[in-house]
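Below, chains carry the letters A, B, ... as their sequence lines are ordered, and counting in each starts from 1.
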Protein chains: 2
Amino acid sequence: MGLTIKEIAKLAGVSKSTVSRVINNSEHVSDEARKKVKEVVEKTGYVPSSIAKDLKNNQTDTIGVILPRINTSTFSEAVEGMSKVLYQNGYNLLLANTRLNKEDELEYLRLLKRKRVSGILFFATEITTQHQEVLEKLNIPVIILGQDVSNLLELPSVIQDDFQAAKDIVNYLIAHGHKRIAYIGVTEDDVAVGQLRKNGYQRALAENNLEVKADYFYQGGFDFSTDSGYQGMSRIIADSERLPTAVFAVTDRLAIGAMKCLREQGYRVPDDISVVGIGDTEMSSLITPELTTIRYDQFKTGELASGLLLDLIAGQDVTVKSVMDYSIIERESVKKI
Amino acid sequence: MGLTIKEIAKLAGVSKSTVSRVINNSEHVSDEARKKVKEVVEKTGYVPSSIAKDLKNNQTDTIGVILPRINTSTFSEAVEGMSKVLYQNGYNLLLANTRLNKEDELEYLRLLKRKRVSGILFFATEITTQHQEVLEKLNIPVIILGQDVSNLLELPSVIQDDFQAAKDIVNYLIAHGHKRIAYIGVTEDDVAVGQLRKNGYQRALAENNLEVKADYFYQGGFDFSTDSGYQGMSRIIADSERLPTAVFAVTDRLAIGAMKCLREQGYRVPDDISVVGIGDTEMSSLITPELTTIRYDQFKTGELASGLLLDLIAGQDVTVKSVMDYSIIERESVKKI
DNA sequence: CCCCCTTTTGGGATCGTTCCCAAATCTATT
DNA sequence: AATAGATTTGGGAACGATCCCAAAAGGGGG
């Protein structure tokens, strides 16, 4: 099927070395030979095989990206940022989408090694000892995203300051006069979202001498859907004898689900109950009332992580831990009381 | 850096042939040799290079996906579906994200050929004669998504019936008593969204003897954002002496932008004006009022297209044109008058 | 113990490039 | 016209796997 450099050489009446030189724009080729080769390449539509090249040079221009799913704004934004930086620098992007099967992560790591990718961008949810072993043996530059692994691994990571962000937004509620603040979260198996943000919530309350009440606290499973937020909210409404005045959901999506529940049960946001989230998805500014939340710039995160990876590949030293900044986006879902 | 099969062979005291046999679970290896090799592989963390393998076998297990952007639900859903099918069948996914630079498409086609991918899934916006030339010379199985190319190329395509969908949803408005129906669209350079959906709108009106009024008609550029929908709506409000009773936006996002504009200008949806879109993004069911729209199942589209591509690679005949079905999702944004 | 048949093993060509090095050609100077 | 030097050209090894084929080892039966 595919033409080879040898056949081009024969057609052009030169050696394969000369063809190679023409293709790679090397010197030491007569104008005549160059012209002839270019003609043949043009006519035949020959495109050299990067497989052979990669084998010879013992390196690829491919970066592997491991993530739990692509159809969510957090990840697709980040990938957009990665695309930009990687392609600008002549790299390609091999997408390893685990589709939420955590066991697949290890398999994908092996796959990427087999492919001899130049580097890996790894969105980690949870780093097990098995992960550690595999990652240590890997011998390929890796950047970890979304999870602080500095105590476990030598690998550089790019993270959100989830603890501080959660604390800040809860403090924002407190500054607006709220004292009865409910929590809607997810499993603590996800350390960034499930643990750190919960800790931030608890800390903010504690520092303001507010009680963490059990009937204001809902922790779902590994479910980040609006449904789960809806669930959590109706549970809190059902369980609490006195309604909270505000709700902190660890995710915008959960917050939006909670708002839907409130609306359906006849409560007005923010007049009856204030709601905040974290994440600033596109939806958040389009719903009514617009959601007050924390914005992480995932595009920038993707760009930064890619840049770090390229540095790492180039053999440079790299910041071990990059904490992305965030900002509170004040919109309409919080009322002063 | 990377260990080779030769080194493993030496460490295990066997020949590379034997190592190869063990790795590929071939027969004709003594239990003893097998055990020894497995030990060495385990201890050293050796992973064979798929580059060398691919070169020898003259084929890869990689599929290239070309798309204009990943951070939008249409594409990320489709890629999710592709991931599923491709990985289940032992293929990998190389992501070629043009980031809306249409000129890059041709370059990516070349890149994928260089990489000797086994097949290509190509989200086309516009097929130029240059595209045709390149695609014809490519000699790699390709499935075109989102654009009917049967008159231009021999390639199988998977498309949405945009004309019929637009016609249906406009007819839905007409069936609800609407006669003054505005249009918010995009440039006709995008044939599926800009042309076909517009045609569907016009045909529906024509068949019901309704006039297409210029002051009810807004056609933006290559901009699919909510802002553009907002723009279009305010333009229509400003230009028309008598307001329309309903608005058809060619995209949910545009529809949501239009709704935002209406809300801000004090109009209630659907009491004052009804709004419909096409696409059913996640937002559409989360905003208030929930948007009545057309649902395309992009995940399924991705699955189907991947399946077709694999058939094509396997040398089977494949449906030249697959039209995905859709359904009207009736929600809250339309009122009977 | 030898011969034949089966099973296991290893050597070497091969895939399509790159790149080193030596050979061939060209250019200019005497 | 001969020679040194510069430029252009081609041959072949190498990259790391697969796989064919021939050689070696093992196993029974006579």
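Closest to the A:His28 side chain, of the nucleotides D:dT8, C:dT9, C:dG16, is D:dT8. Across C:dG16, D:dT18, C:dT9, the shortest atom-to-atom separation from the side chain of B:Lys56 is found for D:dT18.
Distances shorter than 4.0 Å separate some side-chain N or O of A:Ser15 from OP1 or OP2 on D:dG10. The side chain of A:Tyr46 places an N or O atom within less than 4.0 Å of a non-bridging phosphate oxygen (OP1 or OP2) of C:dT17. Contact annotation: B:Asn57 side-chain N/O to D:dA17 OP1/OP2 distance is not under 4.0 Å. A:Ser30 has a side-chain polar atom (N or O) that falls below the 4.0 Å cut-off from OP1 or OP2 of D:dT9. The phosphate of D:dG10 (OP1 or OP2) has a side-chain N or O of A:Thr18 nearer than 4.0 angstrom. Of the side-chain N and O atoms in A:Ser20, one or more sit less than 4.0 angstrom from OP1 or OP2 of C:dT18.
Within 4.0 Å of A:Asp54, counting heavy atoms only, lies no atom of the nucleic acid at all. Among the protein residues, B:Ala9 comes within range of no part of the nucleic acid, since none of its heavy atoms lies under 4.0 Å from any strand.
Residues passing the salt bridge (charged side-chain N to carboxylate O under 4.0 Å, His left out) test with B:Lys321, sequence neighbours excluded: B:Asp148.
Here C:dT18 presents its P atom at 13 Å from CD1 of A:Ile51, a figure rounded to the nearest Å. Across the protein-nucleic acid pair, B:Lys6 atom NZ and C:dG11 atom C1' stand 11 Å apart, rounded to whole Å. As rounded to whole Å, 15 Å separates atom C1' of D:dC19 from atom CG of B:Asn58. Taking atom CD of A:Gln59 as the reference point, atom P of D:dG16 lies 13 Å away to the nearest angstrom. The nearest whole Å value for the distance from the CZ atom in B:Arg114 to the P atom in C:dT17 is 12 Å. Taking atom CD1 of A:Ile5 as the reference point, atom C1' of D:dG11 lies 14 Å away to the nearest angstrom. In this structure, the CD1 atom of A:Ile8 is 12 Å from the P atom of C:dG16, given to the nearest Å. The nearest whole Å value for the distance from the CD1 atom in B:Ile23 to the C1' atom in D:dC19 is 14 Å.
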Where do N or O atoms of nucleotides 20-27 of chain C meet protein N or O atoms at under 3.5 Å, pair by pair?
none

Between protein and nucleotides 22-24 of chain D, what N or O pairs are separated by less than 3.5 Å?
none

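Annotation: the span from A:Glu105 atom CD to A:Glu126 atom CD amounts to 8.5 Å, rounded to 0.5 Å. Taken from NE2 in B:His131 to CD in B:Gln147, the straight-line distance is 10.0 Å, to the nearest 0.5 Å. Atom OG1 of residue B:Thr301 and atom CZ of residue B:Phe123 lie 7.5 Å apart, to the nearest 0.5 angstrom. Put simply, CG on A:Asp104 and CG on A:Asn97 are 9.5 Å apart, with the number rounded to the nearest 0.5 Å.
The salt bridge (Lys or Arg N to Asp or Glu O under 4.0 Å) pairs that include a residue from residues 7-31 of chain A number zero, where partners must be two or more places apart or lie in different chains.
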Using a 3.5 Å cut-off and no angle test, enumerate the donor-acceptor pairs between side-chain atoms of residues 62-79 of chain B and protein atoms at least two apart in sequence or in another chain.
| unit_1 | atom_1 | unit_2 | atom_2 | d |
| --- | --- | --- | --- | --- |
| B:Thr62 | OG1 | A:Lys115 | NZ | 3.0 |
| B:Arg69 | NE | B:Asn71 | OD1 | 3.1 |
| B:Arg69 | NH2 | B:Asn71 | OD1 | 3.2 |
| B:Asn71 | ND2 | A:Glu77 | OE2 | 3.3 |
| B:Thr72 | OG1 | B:Arg253 | NH2 | 3.2 |
| B:Ser76 | OG | B:Thr72 | O | 3.2 |
| B:Glu77 | OE2 | A:Asn71 | ND2 | 3.3 |

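A donor N or O paired with an acceptor N or O is found under 3.5 Å between the base of D:dG12 and the side-chain atoms of A:Lys16.
End-to-end axis angle for the helix from C:dC1-D:dG30 to C:dT30-D:dA1, using five pairs per end and rounding to 10°, comes out at 60°.
Using a 4.5 Å cut-off on side-chain heavy atoms (C-beta onward), A:Ile143 and A:Leu155 make no contact. A:Ile51 places a side-chain heavy atom less than 4.5 Å from the side chain of B:Thr60.
Side-chain atoms of B:Asp162 and B:Tyr296 include a donor-acceptor pair closer than 3.5 Å.
Between A:Tyr108 and A:Phe122, the ring center distance fails the sub-6.0 Å criterion.
DNA chain C is contacted by both B:Leu55 and B:Asp31; B:Asp31 maps to the nucleotide lying nearer its 5′ end (nearest heavy atom per residue).
By the 6.0 Å contact criterion, CZ on B:Arg99 is enclosed, its count of non-hydrogen atoms from other residues, nucleotides or ligands being greater than 12.
Residues A:Leu312 and A:Pro141 approach most closely at CD2-CB, 3.8 Å, considering heavy atoms.
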